[in-house]
J.: 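First the structure, then my questions, so here it is.
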Amino acid sequence: MMARWQPALFDAQQPGGWAVVHCRQFFLADNNGVLFPREWLKKQDLPILAEHGIGHFDGDPIYLLELQAPLELPGFAWQSLRQFMLQGDADTFRLLGYATQIGTWARQHRFCGSCGEPMLPMPGERAMGCQRCEQHHYPRLSPSMIALVTRGDEILLARSPRFVTGVYSTLAGFVEPGESVEQCVAREIREEVGVEVTNLQYLGSQGWPFPHSLMLGFHAEYAGGDIVMQAEEIEDAQWFDVHRLPPLPAPRSIARYLIDVYVARRLGRPEPALPT
Ligand SMILES: NC(=O)C1=CN([C@@H]2O[C@H](COP(=O)(O)OP(=O)(O)OC[C@H]3O[C@@H](n4cnc5c(N)ncnc54)[C@H](O)[C@@H]3O)[C@@H](O)[C@H]2O)C=CC1
Ligand SMILES: [Mg+2]
Ligand SMILES: [Zn+2]
């Protein structure tokens, strides 16, 4: 079955179509959802910073209006992307995940970082270009590793102070310049919980629009060391028995997938599908 949401590049000079309105990971919404007739929106005197053609939903062209500030409009509310991740349908979340990344990039690339000149969208590709120094700036992606560390029937989960109360998750962190993803896995796990790992197995990836991560998911086996938590980043870390797990991350996250795959393997149950 063809996905309802298909990213595409088209010129924002064309009239018509539908639009989502974004500001700092929030979307304008009413009882019918987040898509509004674009020409109607453009009559509402919104503080528009940037406008991009971003793709098709059920075949209709979709544009993104990036706002300077989340203007209050009677009868409308601002809903967070996180809310759509937790409760929305998969196609809408994919559309909004893409829109938020393009919107954030568009907001942060209005001027050239080298010379300060205003930049313009490049024809034919998703890039902002500087006329003076001919630099092209593409949407930013941050490769990040995420790994489930296991020891027989036990799995190592941790809490960041940013998590919802009670929830424990797998360890994650951003790849640094010059390192491989495998080196990043070993370094992040060592930094966050003081543990050494071995036998890395790559399980899959996930684009994660909070704000622009590309998650690379691994299973890793425990090789040594006692848990020593990193101050500030890790509030608690424990070995949990697969039969007695704490509250876990959202079903749509690759963190949850990594846990569910291992638990399924240990308990001889069918493995879940990678969330897309
Ligand atoms: N989809 C999923 O299942 C999960 C996704 N994640 C994502 O993984 C990413 C990394 O996880 P964290 O534990 O927060 O990272 P982390 O362990 O590297 O620490 C976060 C710190 O890294 C620094 N930082 C922020 N952005 C950065 C960047 N682009 N490059 C390098 N350093 C940066 C900041 O100081 C920040 O406080 C986050 O985007 C998070 O949303 C995390 C857990 C689950
Ligand atoms: Mg981390
Ligand atoms: Zn420039």
Side-chain angles (χ1 to χ4, degrees), residues 25 80-82 84-86 90 93-94 97 100-101 104-105 108-120 122 127-149 155-164 167-179 181 183-195 197 203-220 227-237 247-262 272-276:
Q25 297 231 314
S80 72
L81 179 64
R82 205 161 276 280
F84 288 99
M85 185 272 288
L86 293 170
F93 177 56
R94 271 195 290 273
T100 206
Q101 287 188 237
T104 303
W105 162 78
Q108 295 174 349
H109 291 83
R110 291 179 297 142
F111 301 95
C112 175
S114 297
C115 74
E117 192 74 1
M119 294 205 289
L120 293 170
M122 302 292 301
M128 295 292 281
C130 174
Q131 311 253 296
R132 192 189 292 172
C133 50
E134 294 178 10
Q135 287 275 347
H136 295 184
H137 296 266
Y138 298 90
R140 177 175 172 195
L141 286 175
S142 301
S144 310
M145 77 82 201
I146 182 157
L148 176 69
V149 183
I155 69 175
L156 180 55
L157 300 177
R159 269 190 60 72
S160 143
R162 300 184 294 272
F163 288 1
V164 174
V167 169
Y168 282 75
S169 185
T170 50
L171 301 168
F174 294 99
V175 180
E176 290 185 355
E179 73 182 354
V181 182
Q183 287 166 336
C184 175
V185 172
R187 176 184 56 74
E188 282 285 342
I189 294 173
R190 196 178 294 131
E191 283 175 6
E192 294 193 349
V193 292
V195 157
V197 295
L203 287 185
S205 67
Q206 174 180 59
W208 192 244
F210 301 99
H212 37 58
S213 285
L214 171 61
M215 308 307 301
L216 303 158
F218 292 83
H219 171 235
I227 294 176
V228 180
M229 291 181 283
Q230 184 178 27
E232 269 124 57
E233 284 290 312
I234 305 293
E235 185 177 273
D236 191 29
L248 297 175
R252 199 164 273 165
S253 66
I254 192 165
R256 179 61 171 272
Y257 169 76
L258 297 175
I259 298 167
D260 287 351
V261 166
Y262 188 71
L274 183 67
T276 55

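Counting convention: from 1, in listed order, for ligands and their atoms alike. Worth knowing before you read on, the calculation uses all heavy atoms, side chains too, and leaves out hydrogens, waters and symmetry mates.
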J.: Do the ring planes of Phe93 and Phe210 sit parallel (below 30°), tilted (30 to 60°) or perpendicular (above 60°)?
T.: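 If you compare the ring of Phe93 with that of Phe210, the planes turn out parallel.
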J.: Within the structure provided, determine whether Gln206 and Pro275 are in side-chain contact (heavy-atom separation under 4.5 Å).
T.: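 Yes, side chains in contact.
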J.: Is atom 11 (O) of ligand 1 touching the protein, meaning some protein heavy atom lies under 4.0 Å away?
T.: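 When distances to the protein are checked, atom 11 (O) of ligand 1 has a heavy atom within 4.0 Å.
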J.: Short check: any N/O/S atom of Gly173 below 2.8 Å from the Mg ion (ligand 2)?
T.: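 So Gly173 does not bind the Mg ion (ligand 2) by this criterion.
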J.: Are the side chain of Glu233 and the backbone N or O of Gln230 linked by a donor-acceptor pair below 3.5 Å?
T.: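 Checking the backbone N and O of Gln230 against the side chain of Glu233, no donor-acceptor pair under 3.5 Å is found.
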J.: With no hydrogens and no angle check, is any side-chain donor or acceptor of Arg94 less than 3.5 Å from a backbone partner on Thr276?
T.: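 Yes; at least one donor-acceptor contact below 3.5 Å.
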J.: Any N/O of Ala255 closer than 3.5 Å to an N/O of ligand 1?
T.: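 Checking ligand 1 against Ala255, an N or O pair does fall under 3.5 Å apart.
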J.: What atoms of ligand 1 come closer than 4.0 angstrom to any heavy atom of Ile146?
T.: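 Answer for ligand 1: 3 (O), 4 (C), 43 (C), 44 (C).
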J.: Answer yes if a protein heavy atom lies under 4.0 Å from atom 34 (C) of ligand 1, otherwise answer no.
T.: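 No.
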J.: Can you tell me which portion of Met85 lies within the under-4.0 Å heavy-atom range of ligand 1? Options are side chain, backbone, both, or neither.
T.: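 It is neither part, as no heavy atom is under 4.0 Å.
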J.: Could you tell me whether the side chain of Ser160 and the main chain of Arg162 form a donor-acceptor pair under 3.5 Å?
T.: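 Here the side-chain-to-backbone pair exists.
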J.: Given the Mg ion (ligand 2) as the apex, I'd like the angle to OE2 of Glu192 and O of Ala172, rounded to 10 degrees.
T.: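 OE2 of Glu192 and O of Ala172 make an angle of 90° at the Mg ion (ligand 2), to the nearest 10°.
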J.: Starting from atom 16 (P) of ligand 1, locate the nearest protein heavy atom and write down its residue, its atom name and how far away it is, to 0.1 Å.
T.: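 Answer for atom 16 (P) of ligand 1: Gly173 CA, 3.6 Å.
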J.: Write out the residue and atom name of the closest protein heavy atom to atom 21 (C) of ligand 1, then the distance separating them to 0.1 Å.
T.: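 Looking at atom 21 (C) of ligand 1, the protein heavy atom closest to it is Glu233 OE2, 4.2 Å.
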J.: Indicate yes or no: does an N/O atom of Ser144 lie under 3.5 Å from an N/O atom of ligand 1?
T.: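 So ligand 1 has no N or O lying under 3.5 Å from an N or O of Ser144.
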J.: Under 4.0 Å from a heavy atom of Ser253: give me the atoms of ligand 1 that qualify, with their elements.
T.: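 Taking each heavy atom of Ser253 in turn, ligand 1 has 2 (C), 3 (O) under 4.0 Å.
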J.: Do you know the tightest heavy-atom contact between Gly204 and Leu274?
T.: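 Reported closest heavy-atom pair: CA-CD2, 4.3 Å.
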J.: Looking at Val167, is its backbone amide N or carbonyl O close enough to the side chain of Arg159 to form a donor-acceptor pair, meaning the two atoms are under 3.5 Å apart?
T.: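 Flag set: sc Arg159 to bb Val167 pair under 3.5 Å.
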J.: Considering heavy atoms of the protein only, find what lies nearest to atom 42 (C) of ligand 1 and give residue, atom and distance to 0.1 Å.
T.: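 Going by distance alone, atom 42 (C) of ligand 1 is nearest to Ala172 CB, 3.7 Å.
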J.: Report, in ascending order of atom number, the atoms of ligand 1 lying under 4.0 Å from any heavy atom of Phe210.
T.: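 Checking each atom against Phe210, I get 39 (O), 41 (O).
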J.: Applying a 4.0 Å heavy-atom criterion (strictly less than), which segment of Arg140 is in contact with ligand 1: side chain, backbone, both, or neither?
T.: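 Side chain only.
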J.: Quick one, Met229 and Glu192 - any side-chain contact, counting heavy atoms below 4.5 Å?
T.: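 Met229 vs Glu192: side chains apart.
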J.: Determine whether Leu157 and Leu248 satisfy the following criterion, side-chain contact (heavy atoms from CB on, under 4.5 Å), listing intermediate values before the conclusion.
T.: CA-CA 9 Å; Leu157 300 177; Leu248 297 175; 3.8 Å; yes
J.: Is it the side chain (CB and beyond), the backbone, both or neither of Arg256 that lies under 4.0 Å from ligand 1, heavy atoms counted?
T.: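 For Arg256, no heavy atom sits under 4.0 Å from ligand 1.
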J.: Within a 6.0 Å radius of atom CD on Glu191, are there more than 12 heavy atoms belonging to other residues, nucleotides or ligands?
T.: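 Yes, the 6.0 Å shell around CD holds more than 12 heavy atoms from other groups.
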J.: To the nearest 10 degrees, calculate the angle at the Zn ion (ligand 3) involving SG of Cys133 and SG of Cys130.
T.: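 So the angle at the metal works out to 110°.
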J.: Should you measure from each heavy atom of Glu188, which atoms of ligand 1 turn up under 4.0 Å away?
T.: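 Heavy-atom distances to Glu188 below 4.0 Å select 17 (O), 18 (O).
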J.: May I ask you to test the Phe163-Ser169 pair for a side-chain heavy-atom distance under 4.5 Å?
T.: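 They are in contact (side-chain heavy atoms under 4.5 Å apart), so the answer is yes.
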J.: Closer than 4.0 angstrom: is that true for some heavy atom of Glu191 and an atom of ligand 1?
T.: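 False for this residue.
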J.: I'd like to check Ser253 versus Trp208 (side-chain heavy atoms, cut-off strictly below 4.5 Å). Are they in contact?
T.: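 Ser253 reaches Trp208 side chain to side chain.
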J.: Is the backbone of Pro209 close enough, under 3.5 Å, to the side chain of Gln25 for a donor and an acceptor to pair up by distance?
T.: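 Looks like yes, one N/O pair under 3.5 Å.
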J.: Specify side chain, backbone, both or neither for Phe174, according to which of its non-hydrogen atoms lie closer than 4.0 Å to ligand 1.
T.: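 Phe174 to ligand 1: contacts from backbone and side chain alike.
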J.: Just to confirm my output: which protein heavy-atom neighbour is closest to atom 17 (O) of ligand 1, and how far is it?
T.: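 Closest protein heavy atom to atom 17 (O) of ligand 1: Glu192 OE2, 2.8 Å.
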J.: Ignoring angles and geometry beyond distance, decide whether Met215 reaches within less than 3.5 Å of ligand 1 through its nitrogen or oxygen atoms.
T.: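 Looking only at distances, the answer is no, because the N/O contact criterion of under 3.5 Å is not met.
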J.: Given Ser142, Cys184, Ser169, Ser213, which has its nearest heavy atom closest to atom 39 (O) of ligand 1?
T.: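 Comparing heavy atoms across Ser142, Cys184, Ser169, Ser213, the nearest one to atom 39 (O) of ligand 1 lies in Ser213.
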J.: Using a 4.0 Å cut-off to any heavy atom of Arg162, which atoms of ligand 1 qualify?
T.: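 The atoms of ligand 1 under 4.0 Å from a heavy atom of Arg162 are 14 (O).
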J.: Output yes when a side-chain donor or acceptor of Arg190 lies under 3.5 Å from a complementary backbone atom of Val195, and no otherwise.
T.: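 Checked: no pair found.
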J.: Is Glu176 close enough to touch ligand 1? Criterion: a residue heavy atom under 4.0 Å from a ligand atom.
T.: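 It does not; every heavy atom stays at 4.0 Å or beyond.
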